[in-house]
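One structure is given below, encoded as structure tokens.
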Amino acid sequence: MAAKEGLDHLRSILEAEAPHLLEKRAPKKRREGLTELPNAEKGKVVLRFAPNPNGPLSFGHARGLVINSTYREMYEGEFILRFDDTDTKVKPPLLEAYEQIVEEATWLTGRAPDRVVVASDRMEHYYEHAESMLREGFGYVCRCTAEAFKEHRQSKSACPCRDQNSTDNLSLWKAMLKGTYKPGDAVVRVKTEMDLKNPALRDWPALRIQDTKTHPHPRPEVGSTYTVWPLLDFQSAVEDHLQGVTHIVRGKDLMDSTRKQTLLYKHFGWRYPETLYWGRVKVHEWGGFSTSQMRRDVEAGLYDGWSDPRLPTLAALKERGIQPEALQQFWLELGITQKDISVPLSTLYAHNTKAVDNGAPRLSFIRNAAAFHLKGNHPAEVKVPCHPNHEEMGWRTWDLAEGQVWLEADDVVKMDVRLKEFADVELHDNEARITSLERQQEHPVIHWLPASQADEAVLVETKNNEIHRISGKLERHNHPAGTVVQLERIGYARVLDGENLLLCHESASEV
RNA sequence: GCUGGUAUAGUGUAGUGGCCCAUCAUGAAGGACUCUCAUUCCUUCGACCCGGGUUCAAAUCCCGGUACCAGCACCA
């Protein structure tokens with residue numbers, strides 16, 4: 001019809017018969033913020049983030065903190081910080097980390113967690129549930145070796161322990177608690193089915209024995225008290241239920257955990273929380289983030305503590321002047337896709353620049369300073385703004401009476417330059433001859449510093465996992481340690497102390 | 001090997017059948033402003049893994065490939 005009578009004719013028919021068909025649907029809008037949580041009711045959402053305190057938080061942990069705490073805001077729910085500290089040998093907790101993690105979480109999310117739960121404080125609850133599991137017959141004490149059970153798992157065959165009745169299981173359990181068994185000699189398994197398609201799920205281990213005499217728990221109140229310890233899948237499952245967690249957002253490496261735990265929940269007659277996953281993240285400059293590896297390196301003295309600026313820890317990022325808002329923006333932008341991604345730090349830096357620029361006072365820092373004498377008439381002092389876009393931040397007054405200035409070594413090869421906010425000069429033989437106070441020619445603008453205002457200082461910079469210290473002359477200032485300033489023509493830096501500055505944004509490595 | 005997951009510009013990301021010759025950010029290039037190589041603003045560049053199918057219509061649904069990732073620990 002359209003071909004024969006023309007589109008306009010069709011349109012007029014439609015207008016008469018069915019005008020709603022002509023209305024344009026609203027254009028698709030870009031989703032703002034995080035995707036909605038499934039089955040979430042405002043005020044009734046409980047979320048958690050559960051790191052192992054085997055070291056302070058890393059850049060990667062920030063994702064869990066930011067995403068979960070943002071959902072907390074979205075749904076006016078509760079956010080739990082939980083310490084999954086149930087391993088004393090492979091990934092033993094670090095005592096100092098407990099307090100540090102709470103502080104870091106508070107710094108990053110802008111508020112303290114609604115609840116802090118420590119797994120090693122709640123062993124009685126795990127024991128209780130293990131016991132009822134054995135009593136009800138959906139768990140059993142298995143005395144096979146790990147290797148032997150591996151065979152059973154692969155061949156889908158039941159191990160001999162699987163048929164024990166609950167009386168036997170309970171007495172074996174008592175024996176486990178009494179310390180009859182050594183690590184590896186007995187373990188409590190959740191009965192699933194040995195012919196499940198997914199081998200990872202078959203009769204998975206829930207609790208095991210740890211030698212806490214040789215590997216005591218670092219918390220003194222726990223120490224060597226317990227020898228039977230829950231494994232992550234069991235401890236986390238029980239604790240999520242106990243805390244009333246409604247939604248879990250976590251890495252997709254834990255997908256099989258969800259499946260294991262769902263089987264356990266069925267046994268107990270509980271309903272498993274809604275679960276969302278994110279994929280694995282790498283940072284171009286760092287690769288992955290292994291707390292265990294960092295801990296080895298820090299303890300070996302390869303780094304100057306956990307806040308060494310080369311480290312991908314939250315402490316190091318904070319030290320470098322990365323603002324919590326920048327980290328929040330960064331992680332929210334990535335969202336919770338299950339894709340595995342590798343991101344450059346420049347994205348984080350772009351967010352940080354936005355967070356920091358308006359409040360960053362400008363300062364002059366002369367790298368590898370060369371001395372020049374001013375020649376010609378000039379005023380006794382010069383005033384430069386503390387921030388070009390914010391006059392209310394005041395002015396810096398530089399005294400020129402001495403007539404000596406510092407210039408950057410890289411700049412002095414230029415013959416004719418403009419000393420920023422001051423004068424056009426000609427450079428030769430360590431003399432800076434003033435040709436004009438007004439800007440006359442399009443000479444390159446360089447930063448400079450009168451000798452009277454300059455103090456020795458060191459700019460610390462990280463590059464390719466190395467630390468570079470650039471010495472130079474820093475403009476005298478009274479910004480307290482911790483202030484993020486902008487060194488003109490160099491970049492943002494954080495004041496460490498009277499003599500040291502740390503460059504915030506590592507310059508891109510040339511690879 | 002078994003099980004599961006993912007695939008949109010350089011890097012990320014939005015988009016669940018028509019509004020998409022595809023969004024936004026970042027990046028790169030250029031420009032405006034600026035006495036900083038900063039900030040702000042403008043312009044440009046650049047993508048739907050491959051092959052079939054369903055449909056009037058596919059980034060979106062189906063099938064088959066391919067690639068990458070994860071779990072199969074008495075770690076978390």
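A note on names: the letters A, B, ... follow the listed sequences, proteins ahead of strands, and every chain is numbered from 1.
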- Any strand: nucleotide that pairs with B/rC21 via Watson-Crick or wobble, under 3.5 Å: none

- Item | Donor on one side chain, acceptor on other, A/D253 and A/Y277, under 3.5 Å | no

- Classify the side chain of A/R362 and the base of B/rU36 as holding, or not holding, a donor-acceptor pair under 3.5 Å. yes

- Going by modelled atom types, is there a donor-acceptor pair between the base of B/rU6 and the side chain of A/D340 at under 3.5 Å? no

- Message: For A/L201 versus A/T192, what's the shortest heavy-atom pair and its separation?
- Response: O-OG1, 3.2 Å

- Here the residues of residues 248-261 of chain A within 4.0 Å heavy-atom distance, strictly under, of RNA chain B are A/K252, A/D253, A/L254, A/M255, A/D256, A/R259

- Query: Quick one: the side chain of A/R280 and the base of B/rC69, do they pair up donor-acceptor inside 3.5 Å?
  - Reply: no

- Query: Whom does B/rG1 pair with, Watson-Crick or G-U wobble, provided both distances fall under 3.5 Å?
  - Reply: B/rC72

- Report, as a single string ordered 5' to 3', how protein heavy atoms within less than 4.0 Å touch nucleotides 25-32 of chain B: B base, S sugar-phosphate only, - not at all. SS------

- Query: Is the shortest side-chain N to carboxylate O distance from A/K463 to A/E506 below 4.0 Å?
  - Reply: no

- Is it the case that A/Q243 and A/E239 place a side-chain donor and acceptor less than 3.5 Å from each other? yes

- Message: Can you tell me the base-pairing partner of B/rU66? Count Watson-Crick or G-U wobble geometry only, both distances below 3.5 Å, and say none if there is no partner.
- Response: B/rA7

- Over 60° means perpendicular and under 30° means parallel, so classify the ring planes of A/W448 and A/W398, tilted if in between. perpendicular

- Looking just at side-chain N and O atoms, do A/Q235 and A/D84 make a donor-acceptor pair shorter than 3.5 Å? yes

- Quick one: CG on A/D87 to CG on A/L232, what's the gap to the nearest 0.5 Å? 10.5 Å

- Message: Classify A/S292 by what it touches in the nucleic acid, base, sugar-phosphate, or nothing, heavy-atom distance under 4.0 Å.
- Response: nothing

- Query: Do A/H479 and A/L363 have side-chain heavy atoms sitting under 4.5 Å apart?
  - Reply: yes

- For residues 325-353 of chain A, pull every pair meeting salt bridge (charged side-chain N to carboxylate O under 4.0 Å, His left out), keeping only residues two or more places apart or in separate chains. A/K252-A/D340

- Task: Could you check which nucleotide pairs with B/rC45 in any of the strands shown, counting Watson-Crick or G-U wobble with both distances under 3.5 Å?
- Result: B/rG27

